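Here the structure comes first, spelled out in structure tokens, and everything after it is commentary.
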Amino acid sequence: MINFTVGPVQSSDAVRAIGAEQVPYFRTQEFSELMFENERLIKKFAKAPEGSKVAFITGSGSASMETAIMNTLTPADKAIIVNGGSFGHRFVELCELHEIPFAEIKLEPGKALKAEHLAAYEGKGYTTFIVNKHETSTGVHYDMQLISDFCKRNNLFLIVDCISTFLADPFDMGALGADVMITGSQKALACPPGISVMALSPKALARIDGIKCKCQYLDLKIALKNAERGQTPWTPAVSILRQINARLKEIEANGGVEAEIARTASLANYFREQIKGMPFEIVSESLSNAVTPLHPTTASAYDIFLKIKDEYGMWICPNGGDMKDTIFRVGHIGALTTADYDKLVAAFKDLQAKGFI
Ligand SMILES: *Cc1c(COP(=O)(O)O)cnc(C)c1O
């Protein structure tokens with residue numbers, strides 16, 4: 001099978017080899033050193049500001065989304081949430097659950113965030129802005145400069161879910177003034193699922209210090225205290241942290257984060273060129289390098305997903321809910337090559353020749 005979904009994605013040979021090894025004991029200086037290196041490279045690749053810290057949470061990306069809400073916000077906050085799809089909706093549900101007052105900027109599927117959406121919230125006493133930089137469900141990549149300028153003008157605390165865009169598109173946490181950056185192991189980090197990562201600005205660290213987190217397992221005060229000695233409070237997904245280490249060093253050795261973003265962009269562009277003239281429409285107004293969201297005009301998106309899986313041995317990424325039949329996505333993150341896309345494009349052409357699409 002070739003995996004073109006948006007996570008879990010394909011891993012490099014070095015990352016896979018670690019998965020086959022015995023899990024080492026981790027309360028050691030050696031594991032601490034590895035964790036310090038992970039922290040250093042995450043901060044470097046996210047361009048985290050001076051004085052930032054990193055927490056590694058055992059749990060998928062959603063665990064860090066909830067951790068961010070529980071550890072940095074209180075009912076005294078007033079948040080603005082960009083809700084452009086299922087991941088934006090998750091932040092809405094989290095703020096409801098944790099009783100954080102919020103206003104929601106609801107966008108139609110595929111639509112970009114524009115200055116006019118923000119205008120109504122200017123100078124209205126909001127304290128926090130929450131956004132999924134790349135709304136993976138519809139493949140919309142938001143304009144972070146627009147959001148950053150708005151947050152700076154209004155002195156807002158900025159939480160950014162970068163789960164599917166970190167290492168796929170440029171992100172400068174320091175320049176944007178972002179306070180929480182979240183990513184996950186199974187997206188562009190191209191490791192197995194199970195670890196999510198949070199980079200925390202000094203402003204975020206100050207908030208965490210002053211807030212009582214009502215969940216011991218996800219209490220960042222405890223996690224950050226342990227991180228000072230390169231450890232986690234509870235047994236982490238040790239192998240995945242070792243795989244993340246191999247992957248981060250691989251990126252560093254191959255030219256760093258810029259080179260990795262360029263590699264992903266060239267795969268995305270290659271695929272988008274190849275499908276020109278096919279009965280697919282790109283549904284997003286603003287694309288990330290991580291994924292191409294497509295609306296097939298002549299067949300059900302879900303039926304195409306099933307055909308590609310069952311008859312051609314490849315996974316493209318289906319959509320859920322009311323987009324099930326109208327949108328499928330093709331990912332560009334993970335260990336993929338242009339030769340893989342040639343196979344996918346050949347399968348689409350074959351389906352076209354057979355009159356299926
Ligand atoms: C994948 C993803 C998540 C997290 O999903 P998990 O299944 O919990 O890892 C959150 N936000 C975005 C934008 C994502 O792409």
Side-chain angles (χ1 to χ4, degrees), residues 1-21 23 38 41-42 45 56-67 85-87 90 132-139 161-169 181-198 236-251 260-261 263-264 267-268 271 288-294 301-302 305-306 308-310 312-320 323-324 327-337 340-341 343-344:
M1 296 293 286
I2 306 175
N3 184 351
F4 297 99
T5 68
V6 289
V9 300
Q10 297 187 163
S11 301
S12 67
D13 290 345
V15 166
R16 291 169 59 202
I18 292 168
E21 290 175 13
V23 181
N38 283 352
L41 289 171
I42 290 284
F45 295 167
F56 293 88
I57 304 293
T58 293
S60 75
S62 303
S64 280
M65 291 168 76
E66 188 154 11
T67 300
S86 52
F87 293 109
R90 192 163 303 171
N132 317 87
K133 177 170 176 269
H134 176 222
E135 175 51 74
T136 324
S137 63
T138 54
D161 164 0
C162 290
I163 294 176
S164 62
T165 166
F166 180 63
L167 305 175
D169 302 290
M181 189 290 295
I182 305 169
T183 194
S185 56
Q186 84 276 27
K187 304 286 172 84
L189 265 172
C191 288
I195 290 282
S196 51
V197 184
M198 310 175 75
V238 175
S239 295
I240 301 172
L241 289 164
R242 295 180 67 224
Q243 289 170 306
I244 288 173
N245 185 256
R247 169 74 171 136
L248 292 172
K249 288 200 294 200
E250 205 171 76
I251 293 170
E260 178 61 14
I261 292 166
R263 190 189 67 80
T264 310
L267 286 178
F271 174 71
S288 154
N289 296 320
V291 65
T292 303
L294 293 168
Y302 197 74
F305 158 73
L306 290 177
I308 294 287
K309 172 171 73 73
D310 297 334
Y312 300 91
M314 292 178 266
W315 287 295
I316 53 174
C317 201
N319 268 48
M323 290 183 282
K324 182 178 172 200
I327 298 178
F328 68 80
R329 294 162 294 163
V330 175
H332 311 299
I333 52 181
L336 288 165
T337 63
D340 294 324
Y341 287 98
K343 290 185 189 128
L344 180 60

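In this text the structure is predicted, and so the values were computed from the model without any measurement. Residues take their numbers from the sequence shown, with the count starting at 1.
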Quick one: list whatever passes side chain to side chain contact (heavy atoms under 4.5 Å, CB included) with [X], sequence neighbours left out.
X	result
N289	D169, I261, T264, A265
A14	S12, E250
V9	A190, I333
N3	T5, Q10, W315

Problem set entry | Test salt bridge (Lys or Arg N to Asp or Glu O under 4.0 Å) applied to R90 - qualifying residues, sequence neighbours left out | none
List in chain and number order the residues that pass ring pair (Phe, Tyr, Trp, His ring centres under 6.0 Å) with [X], two or more places apart in sequence or in another chain; answer none if no residue qualifies.
X	answer
F87	none
F45	none
Y312	none

Exercise. Any side-chain heavy atom of L344 within less than 4.5 Å of one from F271?
Worked result: yes
Problem set entry | Gap between atom CD1 of I182 and atom CE of M65 - 0.5 Å precision | 6.5 Å
For this session: Check for a donor-acceptor pair, side chain of S137 on one end and backbone N or O of S86 on the other, with a separation under 3.5 Å.
Result: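 Yes; at least one donor-acceptor contact below 3.5 Å.
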Exercise. Does anything in residues 2-14 pair up under salt bridge (Lys or Arg N to Asp or Glu O under 4.0 Å), and if so which pairs, sequence neighbours excluded?
Worked result: D13-R16
Problem set entry | By side chain to side chain donor-acceptor pair (under 3.5 Å) - contacts of N245 (at least two apart) | E37, N38, K249
Exercise. By side chain to side chain donor-acceptor pair (under 3.5 Å), which residues pair with T67, not counting sequence neighbours?
Worked result: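 If we apply the side chain to side chain donor-acceptor pair (under 3.5 Å) test to T67, skipping adjacent residues, there are no hits.
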Exercise. Which residue pairs pass the side chain to side chain donor-acceptor pair (under 3.5 Å) test with at least one member in residues 183-196, sequence neighbours excluded?
Worked result: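 Residue pairs with at least one partner in residues 183-196: S64-S196.
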